[in-house]
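Worksheet: one structure, shown below.
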Amino acid sequence: MEQKKVKIAGKQVWLAYCYATEIVFNDLTGEDINEYFKEMFTSEEGKTNPKKLLYAILACAIAYAQGTTQTDNVLEDKTLMYEAKPAELIEAFKVVVELHNEWYKLPS
């Protein structure tokens, strides 16, 4: 499991990437996270689905919480939708991509 701490909605939250992240993302969206990354990074318009972006972050938080049994790392989709600032979400998503690349040993 690759992990890193980010600040979201005024609190420090751990994000982690491992196979659990991919399973949680699939459970939340019904899609493969790798297909989402491919779609997002090859889109001509550079647009992304906000729901999938939030759920990629949430999947990493859930993977960390479940993998470490950290009850203080609880992050909810409501927090991401209503309390997080755009800059925090962008930074958190960058971390998701970094963790994914570290997990698979891909260049940044």
Side-chain angles (χ1 to χ4, degrees):
M1 175 181 347
E2 301 295 334
Q3 53 197 22
K4 189 172 182 179
K5 197 180 259 191
V6 297
K7 186 175 181 179
I8 300 175
K11 72 180 211 178
Q12 295 291 323
V13 178
W14 281 97
L15 301 181
Y17 200 98
C18 60
Y19 291 125
T21 307
E22 296 179 358
I23 293 167
V24 172
F25 183 84
N26 185 273
D27 289 347
L28 294 170
T29 66
E31 295 188 26
D32 181 276
I33 196 167
N34 292 300
E35 289 300 315
Y36 167 58
F37 288 149
K38 187 187 317 180
E39 169 191 309
M40 191 179 124
F41 293 119
T42 59
S43 170
E44 287 184 25
E45 297 106 29
K47 294 182 180 179
T48 186
N49 180 321
K51 179 180 178 180
K52 291 180 191 176
L53 185 138
L54 296 180
Y55 281 158
I57 297 167
L58 186 61
C60 285
I62 291 171
Y64 180 85
Q66 290 178 346
T68 62
T69 64
Q70 294 292 319
T71 57
D72 62 338
N73 193 64
V74 178
L75 182 65
E76 297 180 351
D77 57 350
K78 291 178 185 178
T79 302
L80 293 172
M81 289 187 283
Y82 300 112
E83 298 175 32
K85 296 177 180 155
E88 292 174 325
L89 295 173
I90 291 167
E91 186 59 33
F93 187 73
K94 285 180 186 177
V95 169
V96 170
V97 174
E98 289 171 9
L99 293 171
H100 169 268
N101 292 348
E102 289 172 17
W103 175 253
Y104 283 108
K105 309 293 186 230
L106 301 172
S108 295

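Note that this is a predicted model, so its numbers are computed, not measured.
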Identify the heavy atoms of [X] and [Y] that sit nearest to each other, and give their distance.
X    : Y    : answer
V13  : A61  : CG1-CB, 4.3 Å
I57  : L15  : O-CD2, 3.7 Å
A16  : A63  : O-CB, 4.0 Å
Y104 : E22  : OH-OE2, 2.6 Å
L106 : H100 : CD1-CE1, 3.8 Å
E83  : E88  : O-OE1, 4.4 Å

Y82 atom OH, neighbour heavy-atom count above 12 within 6.0 Å: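 Counting other residues, nucleotides and ligands, OH of Y82 stays at 12 neighbours or fewer.
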
Close side-chain approach of E31 to Y55, heavy-atom, < 4.5 Å: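 With C-beta onward as the side chain, the pair stays apart.
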
Sub-4.5 Å side-chain heavy-atom contact between V96 and F37: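 In contact.
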
Partners meeting salt bridge (Lys or Arg N to Asp or Glu O under 4.0 Å) with K38 (sequence neighbours left out):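 So K38 forms a salt bridge (Lys or Arg N to Asp or Glu O under 4.0 Å) with E35.
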
Ion pair check, K52 and E39, cut-off under 4.0 Å: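 Yes, this pair counts.
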
Aromatic plane relationship, Y17 with W103 - under 30° parallel, 30 to 60° tilted, over 60° perpendicular: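 It falls in the tilted class, 30° to 60°.
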
ILVMFWY network linking I33 to I23, side-chain heavy atoms under 4.5 angstrom: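 No: no chain of side-chain contacts under 4.5 Å links I33 to I23.
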
hydrophobic_cluster_shared for V6 and I90, side chain cutoff 4.5 Å: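 The answer is no; the residues belong to distinct hydrophobic clusters.
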
Criterion side chain to side chain contact (heavy atoms under 4.5 Å, CB included) on L75 and Y64, from CA distance to verdict: CA-CA 10 Å; L75 182 65; Y64 180 85; over 6 Å; no

